[in-house]
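Numbering of ligands and ligand atoms starts at 1, following listing order.
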Amino acid sequence: MHNPPLPELTVADPEIASLVEAEAARQHGSIRLIASENYVSTAVLEASGSVLTNKYSEGYIGRRYYEGQQLIDPIEALAVDRAKALFGVEHANVQPYSGSPANLAVYLAFAQPGDTIMGLALPMGGHLTHGWSVSATGRWFRSVRYGVRADTGRIDLDEVRDLARAERPKVIFCGGTAIPRTIDFPAFAEIAREVDAVLVADIAHIAGLIAGGAHPSPVGHASVISTTTHKTLRGPRGAMLMSDAEHAAALDKAVFPGLQGGPHNHTTAAIAVALREASTPSFREYAQAVVANARALAEALVERGFDLVTGGTDNHLILIDLTSKNIGGKPAAKALDAAGIELNYNAVPFDKRKPFDPSGIRLGTAAITTRGLTTAHMPLLAGWIDDVVKAAGADDTATIERVRAQVTELVGGFPMPGFA
Ligand SMILES: *Cc1c(COP(=O)(O)O)cnc(C)c1O
């Protein structure tokens with residue numbers, strides 16, 4: 001059952017209640033390897049389901065446009081102070097609705113329409129909002145994109161430097177959605193300094209690893225840090241912008257009134273709760289365990305002949321190129337989902353297939369580590385992934401059903417917050 005329980009919802013709207021209940025059971029019953037997903041604590045769920053959703057609070061602490069902020073101000077102040085303390089930044093804004101609007105606010109703060117901006121190309125592991133063509137950020141700005149090296153799969157910092165020198169972007173984004181390796185923030189900072197660009201570290205995927213000391217921090221290198229709060233950081237759906245004091249006022253003005261109206265106070269409270277959780281010693285252990293699990297899973301996959309982009313991982317994320325397995329990412333992901341192993345199909349660098357039917361799958365260990373799986377489980381997982389990918393190519397439903405049963409048995413032993 002969903003936890004907290006939903007008795008009122010079950011009476012008021014049985015259709016929605018039963019779908020929410022079924023989703024809780026589905027989440028509990030599968031192995032969640034989607035790299036951007038996690039499970040929030042019941043405390044975070046309670047805060048995000050609270051009456052704070054009723055309140056409008058346009059403006060900032062002590063400077064609001066609506067009355068009745070006696071308790072909202074201290075809630076937002078706790079979130080801001082905890083973000084500043086956890087990441088060691090001079091300024092934090094916890095109001096962006098999600099990662100994409102947070103990035104839009106960054107552009108609004110530091111670029112004009114038509115200005116040159118620079119980011120990692122989407123098919124190379126970047127995010128849509130780093131200037132990809134279909135995104136507003138690629139349509140309203142002159143976006144130039146760097147990539148990764150064909151031989152190593154890693155970001156080519158020489159290419160980044162050459163491109164930055166030639167194009168003189170106003171804003172440079174580093175970070176992305178399918179980068180299995182450590183981001184070299186000092187090197188990006190040197191390039192940004194040379195061309196007088198604002199360096200933005202988008203740490204949406206790795207914020208929890210940074211908070212837990214399992215990935216180097218961009219603080220002191222990137223003037224602006226953008227992050228979601230719901231990936232490795234294990235908070236509610238939301239985002240934060242952090243910066244040095246110099247860039248603070250421009251960011252605040254861009255978020256409100258530049259881009260948004262009232263902040264989502266229930267989300268702000270849940271972010272505060274998640275940040276408190278992330279500042280504990282057990283979260284540091286969690287972050288280290290996420291990386292240890294990813295390393296162990298990567299090794300076990302390599303042993304089974306999988307071709308990993310960059311050959312392995314430094315963080316929570318693994319990108320597999322299935323070309324040598326003679327199957328596309330989409331049929332593989334669908335077969336794995338049928339077997340109770342949830343992940344997503346994903347383009348790999350220099351992909352020869354189409355974006356809707358790419359060559360890769362992307363995995364992450366943030367959620368399974370929250371669930372309590374350890375490095376000892378990773379060879380088992382790699383074996384199931386191998387079996388199902390082979391079965392998918394051979395139309396072997398018996399194997400998929402066998403793995404589905406084994407997955408059900410395994411996850412039954414690992415409680416999920418939000419489900420009792
Ligand atoms: C997830 C992600 C985002 C966008 O976050 P949403 O909350 O989905 O809008 C932005 N940048 C990066 C690098 C991401 O991984």
Side-chain angles (χ1 to χ4, degrees), residues 32-38 40 44 48 93-109 117-132 134-138 141 143 145-148 155 171-185 188 199-211 215 217-218 222 224-242 251 254-255 259-260 263-264 267-268 270-271 274 290 294 313-319 343-344 346-347 349 360 362-367:
R32 170 169 283 189
L33 286 175
I34 293 180
S36 51
E37 292 183 353
N38 211 327
V40 298
V44 167
S48 52
N93 184 316
V94 297
Q95 294 192 5
Y97 298 143
S98 212
S100 305
N103 286 347
L104 285 183
V106 172
Y107 292 109
L108 186 59
I117 56 136
M118 190 167 132
L120 180 62
L122 180 77
M124 299 278 177
H127 190 259
L128 280 164
T129 57
H130 298 181
W132 193 241
V134 297
S135 155
T137 63
F141 301 99
S143 119
R145 297 139 197 167
Y146 55 91
V148 299
I155 290 165
V171 177
I172 299 176
F173 269 81
C174 61
T177 61
I179 305 175
R181 295 294 181 176
T182 303
I183 298 165
D184 188 347
F185 297 120
F188 272 101
L199 178 64
V200 185
D202 183 346
I203 60 168
H205 262 267
I206 54 175
L209 304 183
I210 292 168
H215 185 291
S217 169
V224 176
I225 299 167
S226 172
T227 187
T228 58
T229 47
H230 48 270
K231 298 178 185 176
T232 54
L233 192 56
R234 214 162 63 180
R237 300 304 278 251
M240 307 193 294
L241 287 168
M242 299 180 278
L251 281 176
V255 173
L259 197 68
Q260 298 187 171
H264 294 178
T267 300
T268 304
I271 289 173
V290 168
T313 181
D314 297 329
N315 53 31
H316 65 301
L317 188 145
I318 295 167
L319 188 58
L343 42 70
N344 66 284
N346 211 97
R362 187 187 69 157
L363 298 63
T365 52

query: Any side-chain donor paired with an acceptor under 3.5 Å for Asp202 and His130?
result: yes
message: Please verify the inter-ring angle class for His264 with Tyr97; under 30° counts as parallel, over 60° as perpendicular, anything in between as tilted.
response: parallel
Full working for side chain to side chain contact (heavy atoms under 4.5 Å, CB included) between Leu128 and Thr137: CA-CA 8 Å; Leu128 280 164; Thr137 63; over 6 Å; no
query: Does the pair Met124 and Tyr146 meet the rule for a side chain to side chain contact (heavy atoms under 4.5 Å, CB included), with working shown?
result: CA-CA 8 Å; Met124 299 278 177; Tyr146 55 91; over 6 Å; no
field: Every residue of the protein that comes under 4.0 Å of ligand 1, judged on heavy atoms
entry: Ser98, Gly99, Ser100, Asn103, His127, Gly176, Thr177, Asp202, Ala204, His205, Thr228, His230, Lys231
- request: Answer with yes or no whether the side chains of Ser100 and Ser98 bring together a donor and an acceptor at under 3.5 Å.
  value: no
Qualifying residues under ring pair (Phe, Tyr, Trp, His ring centres under 6.0 Å), relative to His205, sequence neighbours excluded: His316
